[in-house]
Amino acid sequence: MPRPLSASMRGRLVILAGLLVSLWSSGCRESFPTGGMAVTQVPTGIPTAGGAEDLLDLRYPPGSRVVLVQPPFTSGSEQVLSAGLSAAGGPVASADGTRILFAGKAKAGGSWQIYEAQPGGKPARLLTAVAGGAMEPALLAGGELVFCSPVPNAANPWRPEKPAALYRQGPGGRVERLTFGASPAMDPTVLRDGKILFTSVRASSLGEERPRLGLFTINNDGTEFTHFALEDHGAPLVRRPRESLSGTVAFLAAGTNQARPKYAAEGVRMAKPFASRTPLFEFLVERCHSLEEDREGSWLACIDAGASGKPEVRGSSAVYRIPPGSKVLGIPLFDNPEWDEVEAVPLMPKAALMGHLSTLMPEKSTGTILCLNAFFSRPEAANSTAASKIHRIRILAQAGANQLVALGEITPQTDGSFLVTVPAEVPLGFEALDDQDQVIQRLPPSIWVRRGENRSCLGCHEPHNRSPQNIRPIAAGLPPVNLGDLKKASLPVAPEYR
Amino acid sequence: MKFRKIINPRPLWAATVAACALLMSAGRGVGETTTEGLPFPIIERFENFGHDQGIPAHKVHVVLKTSDSKLWIGTWDGLCVREENGKFKRYGPEDGLTHKMVLCMVEDPKTGDLWIGTMRGLNKFSGGKITRYVQTDSGLPNNVVYGVDVADDKLWVATAAGAGVMDLKTGAWKIYDHTNSNMHEPWCYSIKGAKDVVFIGVWGGGILEHNPQLGTFKAYHDPDGDFHYDLVPDDGPINDITSWIAWKDGVLWQNTYFGMSRYDGKYWKTWVQDKSPLPSNFTQFAWPVGKYCWIGTDRSATVTDGTYWANYMLGDKGESILEIHRPKQAAEKRILPTGICNAFVLGIWADENEAWFATANGLSHGIFSPRPSVPKVAAAK
Amino acid sequence: MKQSTFALWFFGCLAVALVAGYGGHAWSVAHVRRWTGRPELGFTTCTHCHVATESLAWSKPRARHPAPAGLAVSPDGKKAYIALDEMNEVVEAELGSRQVTRRLAVPGRPFGLVLDQEGEHLYITCRDADRVVAVDARSFKELESVAVGSAPVAIACAATPEGERLVVANSLSDNLSVLSASPLKELARPQSGREPYAVAIARDGTVAFAANRLAVPENYLAPANSELTLVDPRSGKMLIRGTFASAHLAEGVATVPQRSWAITPLIKVRNLVPITQVANGWVMSCGLAISDHRGNIIQMPLDEAHDYFADPSGIAVDPAGKRAYIASGGSDRLTVVDLDRLAAWLEKASPGARREAIEDLTLSSEYVIARIPTGRNPRQVVISPDSKWVLISERLDDGVLIIDTATLKPAGRIALGDGGSGDPIRRGERVFTDAKYTYQRQFSCRSCHPDGHVDGLSYDFDGDGIGDNLLDNRSLQGVAGTGPFKWIGKNPTLAIQCGIRFARVLMRTDPIPPRELDDLSHFLNSQPPPRWERKQHADLTPQQERGKRIFFATMTTTGKTIPRERQCHTCHRPPLYSNRLSSSVGTKGPHDTTDMFDTPHLLGVAFTAPYLHDGRAKTLEELWTTYQTNDLHGVTSYFNKHQLNDLVEYLKTL
């Protein structure tokens, strides 16, 4: 007759069982099969709403849903991932293709938040609970979430009172802000090198009624804010940048003279992003809703091929797979005539993303800026011929909404270098002054440094994608000029231009 | 006899005797050229160079023509090279030279590198680039580099604190001074590689002969022991205050401020101004060419093979004087159309075709007069 | 046993153990203080100072792999010759079948090789044996050899009006050997730049180009320039010393006869700029130096704005002068450059544009036409005489990749081994040479530590503030057992040194994963000091013996006792010539935040210029002349020049 288990043996078995359960739940969960795609479907024939809606309400009207479609991509075979939500859209997939995130609204009138789709028909899991809403998720190398918040007004998302910023959500739901510019930051995507690529307003058009957008990057901790691509030429509205393995960053671009912009597909090459803007396809695409890299160099695009001719009414949008070198659009890969497919994301393993260990020092309230040569400017920059006459540099800060202050002025060293401590996480700008105190060059408050960040630049409006000369800046051998206390800033500045 | 009928011996004999006499009087073998019966070329005129040609200082200490036919001079204010347009390009401390005062130069025959001794360090000019060696960052014994030579892949330096040698293959330095050789004191004024040995001219120490293979030193001192006079001629180095030494084809030449000497490995020969055609006892440079040698004194540029002499001097009115001394003949005196720029000759470079003189006031180029060739003896029929 | 007896025994033993332990501890502390002369030191383990080299990884046997080094192709394009330096072997392979057909044992680490024009003789440089070996290509037997300079790594051959000539790069003696091929003898040994690593001879035989890896130290706060040495291969006469301005690690050179060019891949380093980022080539970028026969050099970028091709080394140019093929060892890619397009850009560029070209990371798209993935660590490149095939040595995959130049795609591979992935040292070497661990693959460990050694530069890491604590790059050769690491001795192990902090301040990416970090440590620990084997069998010269006595002196020559803490061998204790403790030797600079520095080991110190923690001393002599610190860095003020020279010559033997 078997002996009853001893207390100690029972205890060990319980522990073992618990271990097995936790292992199963952490590492053995069900994931989405690769090969399919996540698609945003918007009900067809719905008139566009007025300007009172927020941006996602405009993109994903009530009834919009995120679905999973598997090969052979038969219409009607979709599996709804956003079941139970009043509206959903903007799916993104993880680099290994097994996780799907999207923005969703639990009920009409509620706020948009980020959800993670669950396999097996389970309800999507709520990931964020951010006041003002969250949208446009992206995933970092370690699986952490990046999103944009708040959801801006649809009428003029680029000039709201409270600009949208990028945030990062870490373990335990801790949310950390990443961008601190004066203008909104939206449409984040994570590049293979680990940087976050997003859209924001170009510094030269800050304050304009219809600002011109560019592509920018930051590290995954919000440091090294850099203008990545798109400058003075080309269509000013830009959305949804996406990197491809072939070294191209594709995006949607549209002019500003339309109530509902008609986005075309364009791209820049990573090898020379400021000098390679070009249509992405050899054929004309008048209304493209999304672009994502697919297998073997193809693009997965949602395109309005048969526009209804009534821009205020949605046309018939479908998913297309466009192989490299295609001369014509071809037939849709997936099209459900009862829906407009406006976004499609392939579920497939992609190149692993690089991480980045943060250099932040949370205990500090300042950062440092090292300029190697304030006299160095690109030839086409405004007033560049006057660069050599720079006498002083005035550092500006956006202390609050519409409150511009001057932190102070510094004199560059004879080699043009300067090293300055500045307040962290406020929009900063520069004015280069001549010996008559006239402003020769100006950068409105649009950049920032994070706590403890050491930030460098080559010069004043320096050429893009330039590496520095190997010269020891004089300023590096001296203590930094301390302009780090916002409270000591002087009165608002009225810029006087030359 | 048949032989006597074919050849008439008398004309042949007479021609042979005459030819031999002619050749013997010229002191040359068959086929060699001579200038007026002298064993060395004669300068017929001088070309002079100074500030107008870009030479930065009056004092030119050293002149050297390298194997690529470039002319280099070391001056009180920089190193210069003569460019194709005839002007001199200067290199100074701003170009990397350790000091502006250039004292000596030598070319490495294998690589063409130019080694330059200055008042504060040693330099190598190679491929257009200057590499510096000073005593604080290398094995150089001392920064005051008076003499330099290259022999058997080794660089020899004579400095104010001993002689040094750098192995050009490994970069290792050795120093020889009064602590590890029979140097009287470490102040070395010149150094010259010879066959298997190296000669070091030591200020106050005569001449040292060093055998690098054996590691030995042999000293040559003035046997007289008298500072001012050559009491017994031809008994050894004329004086222990050696200002310069030179060596060529087995013959060592010594300059001192009290005359000069020559040593052929067996016999010494000494000269002083009162007892020889040497114009001045104050000799500071020697440049042998074959069996004859150019000498720089404070009053002349002189060339001699020990028997025949030619002195190029300046008269009281600045006229250019050439004095030719032949044995058992009165000195021949000529006035040349142009003279050496200054009679204080600090350095010389010469070959069979030309001679250059570094002087206390500029650079002079001695243009040789053409040398007639001796007719060859007709072959016997 | 009664309880009382047990308790007595127990507490008795405990007391004895405590007394013994305390006593041992006290003795140990006293021992350390006595032999270092430093009363502030505390407990130190025995093995901290008492190290046996036999216990170190680099002195133990390790697996050898058929890692290909030099390559050559026969004139008929049918055979390839490959040097396998780790195996002391040269092999001949059939290109058609991709099979090795013959092997020849060549002792002394055969590294570079070249075939003469007729393909009858193969000349091989033996890196450890300091000789060049001539092999009959038909019989595949050694004919003769000649001694050359130290560590010859590259060789070129050309016909000249004066006969066939060979030019050899002697990487550790900083000179070239110019040889006549027949008879095989050295004609001249002109001095080159520092660490010549590649040679090529112009087709007309009038000029040879030698690319040098490092700069001779001048001023640690000024850009370091390495050299392109031009010599006359007929005589060995020096022609021109060209300058790679602020660039280094040139490991390949090829000539373009049609344009009278020599092209050298190199790294454009920015060590003087504080490392606040890696993006935009902030630490370094790669380029090509285009030189004419007069030593005029223009540098052009090889990298792109957001992708880098780290550690460019081998280069080959097709006989028609149309394309250049450059291997990037850190990025596992072969870059193909259209030389006509490159020339066209140069022709229309202004002098200012040419001067700044190397800094424009977008420029390479003008002339780069392909980037071909290769196996691991591609280093040498050769092209077949008919231009059909490019061969690339995949050094850490034990193979030679063959690329079809018409399609620019791989056409096959000569497999020499299995890649050695079962060997942790080999795996670690892959980590060491792989740029994927840095942001945008900008550089690898090897980029700053070529062959595990130094690049001779000082860097400003911003982790401790911009401008503070400039740090001289230290050698990793012989690094095993010399921890702690970092100039302030903060990191106890290599894994910590190369771990998180390194990822944060330099790599700007994720840290190296633990398993790879472990392999990397294995690799680093396996690196012996330079020329270690040779030094064990070399006798000291009299000068070096005198220097050794000075190094171990306990008294000055005047009989004055040298305090123990100032005796050289106290801190620089054999066999590693470091006691692995931090000391203050009076070398704190104006931007240093501390004066306590970890004692560096001196093995291979002859090759690690410049010196001191910030690299301010150009030569060893300067440590006790220009940077004499009132006898804090050893009592040396009594030295005369003989003694200083002797000491330096002894240090060079370590």
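Residue numbers start from 1 in every chain, and the chains themselves are labelled A, B, ... in the order their sequence lines are given, proteins ahead of strands.
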- Message: Taking side chain as everything from C-beta outward and backbone as N, CA, C, O, which of these in A/Gln469 sits under 4.5 Å from a heavy atom of chain C? Side chain, backbone, both or neither.
- Response: both
- Separation between SG of C/Cys286 and CG of C/Asp303, rounded to the nearest 0.5 Å: 4.5 Å
- Query: Aromatic ring centroids of A/Phe274 and A/His227 under 6.0 Å?
  - Reply: yes
- So how far is it from A/Ile447 CD1 to A/Thr226 OG1, rounded to the nearest 0.5 Å? 9.5 Å
- Between atom NZ of C/Lys490 and atom CD of C/Gln497, what is the distance when rounded to the nearest 0.5 Å? 10.0 Å
- If you tally heavy-atom pairs under 4.5 Å between each of A/Pro468, A/Pro473, A/Pro479, A/Ser456 and chain C, the highest tally belongs to A/Pro468
- Those residues that, when tested against C/Asp307, pass side chain to side chain contact (heavy atoms under 4.5 Å, CB included) (two or more places apart): C/Glu304, C/Phe309, C/Arg333, C/Arg441
- Among A/Glu453, A/Met354, A/Arg455, which has the most heavy-atom pairs under 4.5 Å with chain C? A/Met354
- Message: For chain A, which candidate among C/Ala279, C/Ala305, C/Gly281 shows the most heavy-atom pairs at distances under 4.5 Å?
- Response: C/Ala305
- Close aromatic pair by centroid cut-off 6.0 Å: C/His306 and A/Phe228: yes
- Interchain contact, C/Lys436 with chain A, by part (heavy-atom threshold 4.5 Å): backbone
- Heavy-atom distance under 4.5 Å to chain C: side chain of A/Thr368, backbone, both or neither? side chain
- Task: Please state whether the side chain, the backbone, both or neither of A/Pro273 comes within less than 4.5 Å of a heavy atom of chain C.
- Result: side chain
- Item | Under 4.5 Å from any heavy atom of chain C - which part of A/Ala271 | both
- Message: Does any backbone or side-chain atom of A/Arg192 lie under 4.5 Å from a heavy atom of chain C? Answer side chain, backbone, both or neither.
- Response: neither
- Mind checking the CG-SG spacing from C/Leu506 to C/Cys445? Nearest 0.5 Å is all I need. 9.0 Å
- Message: So, taking the atom named CZ in A/Phe225 and the one named CZ in A/Phe198, what distance separates them when rounded to the nearest 0.5 Å?
- Response: 5.0 Å
- Message: Report which part of C/Glu366 has an atom under 4.5 Å of a heavy atom belonging to chain A: side chain, backbone, both, or neither.
- Response: side chain
- Message: Could you measure the distance from the OG atom of C/Ser365 to the NZ atom of A/Lys272? Nearest 0.5 Å is fine.
- Response: 3.5 Å
- Item | Residue part contacting chain A, namely of C/Ile358, when any heavy atom lies under 4.5 Å | backbone
- Item | Toward chain C, the part of A/Leu372 with a non-hydrogen atom under 4.5 Å | side chain
- Which atoms of A/Thr223 come close to chain C, meaning under 4.5 Å heavy atom to heavy atom: side chain ones, backbone ones, both, or neither? neither
- Query: Where on C/Thr438 is there a heavy atom nearer than 4.5 Å to chain A: the side chain, the backbone, both, or neither?
  - Reply: backbone
